[in-house]
There are 2 protein chains.
Amino acid sequence: MSSDALATAAGVKPTQLRKDLTYFGQWGTRGLGYNVEGLSRSISEVLGMAKLQPVILVGAGQLGTALLRYNGFTKEGFEVVAAFDSDAERKRPRDIRVPVLPMTQLGDFVRERGVKLAILTVPGSAAQQAANDLIQAGVQAILNFAPAVLHVPERVVVNNVDLAIQLENLAYFVK
Amino acid sequence: MSSDALATAAGVKPTQLRKDLTYFGQWGTRGLGYNVEGLSRSISEVLGMAKLQPVILVGAGQLGTALLRYNGFTKEGFEVVAAFDSDAERKRPRDIRVPVLPMTQLGDFVRERGVKLAILTVPGSAAQQAANDLIQAGVQAILNFAPAVLHVPERVVVNNVDLAIQLENLAYFVK
DNA sequence: ATATGTGAATAGGTTCACAGCC
DNA sequence: GGCTGTGAACCTATTCACATAT
């Protein structure tokens, strides 16, 4: 398949796609294009997704439980292995399979299972403290849904997903 | 308050904050800093958030209903006024106040209420069709949670929030 | 003939350094 | 003296143009 076809599918320009791919190697054949199967496998490896990544979720409130139900992650090589909440006993929908544990168990769990990724869905006011706990335990990357700026050491990576900001961004463009 | 203090709170550098603000005007006082209240109001106006924006949600599945419960939007000047689903009658948690209507009513609703913003939480396979319906009805901006590349006319703005991609992004950085 | 890989050109965004105002 | 506003310098990312490989 040509970079042109792949780019159309991905919603980018062909040159962009080629340039990006070459940062990690040469996976195409000149005059022919890319072998989709091989390319797909190579990308998975580069992205560190070859093996199933265990993920924990902190903050099993509205948004948190919604994400626990959502299984779009599994398909992409992630498995939410446990959730943590300051009120682990609160009644929650029974169709949630992931165990909800008290925050006190977070440290041991992360260390024992070697968890490196965490999803943070606590209220903004609790976010920094929760992040500290996660980092202390050894988590290396946080997907933060809380509306708060997290201050973390250099080695820890944070990705912010603020839904309100996303809407504000759009609101600016509508007339 | 100084740009330095504001920048620390926002997690950016002071010069960045000042440069960004001046794209829309001069809101500070040299030697003094910014008036927080006035600045806040000005930004709201520039972003088009001065008045409550009605928003609709399309796709009341797991993620969709979770977002309906989430009220982080209201606080930022948005109100989800209705949800639409191909199966509007399906049983849903009763604590959801927003009416869930059938897709057939989407066009009329959008036109009557003058809705400009939509949140799209349908499965990837249904996303393009749903987007077409929205645009047809007059929606100008879409916050897309579906894992799909939407093809839309120039005048329509799309913001993609792909949770799996966010995690992949982080996975690349953990070792 | 066709499509990749890539140096060069261009565009876009961030940081610096300091003039201007309080 | 203190802090904003901003042109210039710098850095990063995208696009172009074409040499290179099948």
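Throughout, a chain's letter reflects where its sequence line sits, starting with A, and its residues are numbered from 1. Just so it is clear, the structure is predicted and the values come from calculations on it, not from any experiment.
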Completion exercise
B:Leu21 CG to D:dT6 P, in whole Å, measures 12 Å
Practice task
May I have the distance from B:Leu6 (atom CG) to D:dT4 (atom C1'), rounded to whole angstrom?
Solution key: 12 Å
Completion exercise
Counting primed atoms, P, OP1 and OP2 as sugar-phosphate and everything else as base, the B/S/- map of nucleotides 7-18 of chain D against protein heavy atoms under 4.0 Å is BB-----SBB--
Practice task
Verify the contact: side-chain N or O of B:Gln26 to OP1 or OP2 of D:dT6, cut-off strictly under 4.0 Å; return yes or no.
Solution key: yes
Completion exercise
By nearest-heavy-atom nucleotide on DNA chain C, the more 5' of A:Thr22 and A:Gly31 is A:Gly31
Practice task
Scan side-chain atoms only and decide if A:Thr65 and A:Arg92 contain a donor-acceptor pair under the 3.5 Å cut-off.
Solution key: no
Problem - Distance-only donor-acceptor check, side chains B:Gln129 and B:Asp133, under 3.5 Å - result: yes
Handout entry: B:Gln16-B:Asp20 side chain donor-acceptor pair, cut-off 3.5 Å
Key = yes
Practice task
Tell me yes or no: between the side chains of A:Asn132 and A:Gln128, is some donor less than 3.5 Å from an acceptor?
Solution key: yes
Exercise for the section: For the pair B:Phe24 and B:Trp27, name the ring-plane relationship: parallel under 30°, tilted 30 to 60°, perpendicular over 60°. Expected result: parallel
Handout entry: B:Ser3 side chain near D:dT4 phosphate (N/O to OP1/OP2, under 4.0 Å)
Key = yes
Exercise for the section: Inspect the contact between A:Glu37 and A:Arg41 and indicate whether a charged nitrogen and a carboxylate oxygen are less than 4.0 angstrom apart. Expected result: yes
Fill in the blank from the handout: Span of DNA chain C engaged by chain A, first through last nucleotide within the 4.0 Å heavy-atom cut-off, is C:dT2 to C:dA8
Handout entry: Verdict with supporting geometry, A:Asn160 and A:Phe145, side-chain contact (heavy atoms from CB on, under 4.5 Å)
Key = CA-CA 6 Å; A:Asn160 296 297; A:Phe145 285 81; over 6 Å; no
Handout entry: Any donor-acceptor N/O pair, B:Thr29 side chain to B:Leu32 backbone, under 3.5 Å
Key = no
